[in-house]
There are 2 protein chains.
Amino acid sequence: MDLDLRIKMNDRLFLRNPEDSVLGKKIVKHGLLLINKIGFEDFTFKKLAQEVNTTEASIYRYFENKHRLLVYIITWYWRFLEYKVLIGLNNVTDPKIKLQTIIKLIAEEPKPTQQQNDFLTETEAYQLVIWEGSKTYLTRNIGKDNKDRLFKPYKDLCESFAALIKEYNPKYKYPHSLASSIIEIAHSQNFFKQNLPSLTDFPKQQDDKKLIDFLLTLLFSTIAIN
Amino acid sequence: MDLDLRIKMNDRLFLRNPEDSVLGKKIVKHGLLLINKIGFEDFTFKKLAQEVNTTEASIYRYFENKHRLLVYIITWYWRFLEYKVLIGLNNVTDPKIKLQTIIKLIAEEPKPTQQQNDFLTETEAYQLVIWEGSKTYLTRNIGKDNKDRLFKPYKDLCESFAALIKEYNPKYKYPHSLASSIIEIAHSQNFFKQNLPSLTDFPKQQDDKKLIDFLLTLLFSTIAIN
DNA sequence: CATAAATGATAGCTTTACTATCTTTGTAAA
DNA sequence: TTTACAAAGATAGTAAAGCTATCATTTATG
């Protein structure tokens with residue numbers, strides 16, 4: 001699936017739009033790679049500056065702090081995923097197949113592709129979401145960040161998902177909670193599978209088949225129409 | 001439910017056992033309160049030292065760093081919860097009621113009680129789990145920390161939960177994943193309800209009744225025996 | 001070609017996250 | 001009742017993180 005898309009980013013996320021310059025794109029791209037490599041806690045703008053052959057001060061011209069950079073990348077991913085869902089559901093009419101499709105898109109580890117070398121790559125972004133995604137909102141800044149609409153992409157995705165659930169079974173009482181829960185579970189189970197495998201029933205060295213089966217069963221049994 | 005219990009803590013968590021001294025207990029108690037107040041990111045041992053009227057250096061004699069203190073409190077909570085489960089399931093034989101009971105114990109916001117004034121309180125610990133719980137393991141130290149068995153209390157709780165699921169339906173394929181998922185969801189939904197309510201279907205100013213209903217339906221529909 | 005904007009280079013400041021050392025205090029065995 | 005020894009206090013110091021400021025130098029743009 002090739003998507004040549006321009007994702008509109010919330011301009012509260014940056015001081016200078018990173019998409020507008022070579023340096024900006026390098027900051028975001030290598031930011032993603034470096035956070036994945038050393039973890040968000042150990043990640044600093046100084047280290048990133050070295051990777052990108054620039055200075056700390058230059059990075060601060062693009063992003064207020066490392067948290068904003070993190071949110072930038074994570075929300076980019078949510079928007080990207082929503083595009084994928086949009087494309088993936090194109091021409092699909094059966095509500096059941098729609099739900100199966102969205103679950104796969106959410107939970108399946110994306111395959112590495114060649115393109116988009118100069119900006120964010122889906123596979124790396126997916127890893128970032130698994131490891132650092134919840135750190136975007138588990139912060140005392142959540143009130144302010146929410147007012148700045150930083151979480152809109154995530155909310156939109158949940159809303160789309162919830163709409164499909166409602167379409168399948170209009171009487172189900174908790175479509176939003178179910179949607180956000182399944183998204184969260186997909187990532188936490190993926191994390192546990194890699195790092196705390198006894199919390200799952202998935203063999204470490206295996207694809208996401210079982211995880212998807214688990215999620216599909218969970219979803220369809222709870223929204224089943226009796 | 002009164003529990004006068006002594007929770008055995010993993011001694012890799014501390015340098016000096018905080019339960020053995022007045023200062024140690026104050027550090028842990030006010031550590032919990034202060035993290036809840038200002039958030040883990042802004043929390044420092046220096047600030048805690050001021051709260052407790054001691055010095056930074058003294059706190060470092062008990063805990064290697066703030067992450068260990070966090071894990072200490074969080075794992076204390078998991079152990080505490082497992083005791084509650086143990087007591088709560090005492091004399092219960094019906095597997096269905098067992099599962100209902102454990103869900104309630106996991107998801108229900110504990111009521112404030114008077115006791116345990118000098119150490120950790122359940123209500124505060126519950127808030128900490130919601131806000132900071134996942135930060136215990138979403139770290140590059142997870143491999144080492146896991147070897148030190150820091151996550152054993154959490155694993156044990158999940159294992160107990162999974163065992164009840166297996167008892168109810170021995171044929172269900174994903175008892176561990178389901179157990180850990182429900183625990184995680186309980187907290188993330190609780191967080192969303194407070195902070196990003198559009199991700200849930202629960203009114204902000206209300207008890208956990210709907211959340212528990214959501215979880216119960218989720219659990220029992222997916223493990224239903226056809 | 002002029003000029004504005006972006007970047008580089010450098011400096012500096014406050015806070016965090018520790019470690020070290022030395023002194024005082026409180027407690028428990030000799 | 002001394003003695004001794006561990007816990008805590010007091011103080012200092014260090015490297016890194018997390019910024020902000022300034023000025024010089026490139027690089028785009030009209």
Side-chain angles (χ1 to χ4, degrees), chain A residues 11-31 34-35 37-73 118-119 132 135-136 139-141 144-145, chain B residues 11-31 34-35 37-73 118-119 132 135-136 139-141 144-145:
Chain A
D11 57 17
R12 304 251 185 169
L13 279 169
F14 48 77
L15 303 171
R16 214 207 278 322
N17 192 335
E19 287 177 282
D20 286 350
S21 72
V22 179
L23 179 64
K25 278 181 267 192
K26 274 168 75 181
I27 288 169
V28 174
K29 180 191 174 185
H30 289 92
L34 187 56
I35 297 174
K37 194 175 167 194
I38 64 177
F40 188 63
E41 280 71 29
D42 288 348
F43 170 83
T44 69
F45 277 179
K46 193 165 206 170
K47 290 173 187 168
L48 178 56
Q50 288 175 319
E51 293 276 311
V52 183
N53 266 306
T54 184
T55 60
E56 221 186 333
S58 294
I59 298 178
Y60 275 107
R61 287 179 184 123
Y62 283 88
F63 293 98
E64 226 177 300
N65 53 51
K66 68 176 184 172
H67 185 257
R68 290 267 150 155
L69 173 58
L70 177 66
V71 179
Y72 183 95
I73 303 171
D118 62 330
F119 204 55
E132 323 286 358
K135 294 173 191 168
T136 54
T139 294
R140 299 292 150 154
N141 273 321
K144 192 183 167 300
D145 287 350
Chain B
D11 56 18
R12 304 250 183 170
L13 280 168
F14 47 79
L15 303 171
R16 213 207 281 318
N17 194 334
E19 286 177 283
D20 287 350
S21 72
V22 179
L23 180 61
K25 278 180 266 192
K26 274 167 78 181
I27 288 169
V28 173
K29 180 191 174 186
H30 289 93
L34 187 56
I35 297 173
K37 194 175 168 195
I38 65 177
F40 188 63
E41 281 71 29
D42 288 347
F43 171 83
T44 68
F45 277 179
K46 192 165 206 170
K47 290 174 187 168
L48 178 55
Q50 287 175 320
E51 292 278 312
V52 182
N53 266 307
T54 183
T55 60
E56 226 185 329
S58 295
I59 299 178
Y60 275 107
R61 286 178 185 124
Y62 284 88
F63 293 99
E64 225 177 301
N65 52 52
K66 68 175 184 173
H67 185 258
R68 291 267 151 153
L69 173 58
L70 177 67
V71 178
Y72 182 96
I73 303 171
D118 63 331
F119 204 56
E132 322 287 358
K135 294 173 191 168
T136 54
T139 294
R140 298 292 150 156
N141 274 320
K144 192 184 166 301
D145 287 349

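Each chain gets a letter, A, B and so on, in the order its sequence line appears, and its residues count up from 1.
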Below the 4.0 Å mark, does C/dT7 have OP1 or OP2 next to a side-chain nitrogen or oxygen of A/Arg16? yes

May I have the list of side-chain donor-acceptor pairs in residues 46-54 of chain B shorter than 3.5 Å, sequence neighbours left out?
| unit_1 | atom_1 | unit_2 | atom_2 | d |
| --- | --- | --- | --- | --- |
| B/Lys47 | NZ | B/Asp42 | O | 2.7 |
| B/Thr54 | OG1 | B/Ser58 | OG | 3.4 |

For DNA chain C, which residues of residues 53-63 of chain B approach it to below 4.0 angstrom with any heavy atom? B/Glu56, B/Ala57, B/Tyr60, B/Arg61

Whole Å only: how far is the CG atom of B/Asp42 from the C1' atom of D/dC19? 14 Å

So does B/Glu41 get a backbone contact from the side chain of B/Lys66, meaning a donor-acceptor N/O pair under 3.5 Å? yes

A/Val28 and A/Pro18 have their tightest heavy-atom pair at CG2-CB, 3.6 Å

Between CG of A/Leu23 and P of D/dT25 the distance, given in whole Å, is 20 Å

Assess whether a salt bridge exists between B/Glu132 and A/Arg140, defined as any Lys/Arg side-chain N lying under 4.0 Å from an Asp/Glu carboxylate O. yes

N/O (side chain, A/Lys47) to phosphate O (OP1/OP2, D/dA16) under 4.0 Å: no

Parallel, tilted or perpendicular, judged at 30° and 60°: which one describes the rings of B/Phe43 and B/Phe40? parallel

Between the side chain of B/Arg68 and the main-chain N/O of B/Arg12, is any donor-acceptor distance below 3.5 Å? yes

Residue whose closest nucleotide on DNA chain D lies nearer the 5' end, A/Glu64 versus B/Val22: B/Val22

Would you kindly give the NE2-to-C1' distance between A/His67 and D/dA17, to the nearest whole Å? 17 Å

Whole angstrom is fine here: how far is it from NZ in A/Lys46 over to C1' in C/dT16? 14 Å

Over how many whole Å does the gap from B/Leu48 atom CG to C/dT16 atom P extend? 13 Å

Residues in side-chain contact (heavy atoms from CB on, under 4.5 Å) with A/Asp20, at least two apart? A/Asn17

Output the rounded distance in Å from NZ (B/Lys66) to C1' (C/dT15). 12 Å

Is the shortest side-chain N/O distance from B/Ser21 to OP1 or OP2 of D/dA8 below 4.0 Å? yes

CG of B/Asn65 versus P of D/dA16: gap in Å, rounded? 18 Å

How many whole angstroms separate atom CG of A/Leu15 from atom P of D/dC19? 11 Å

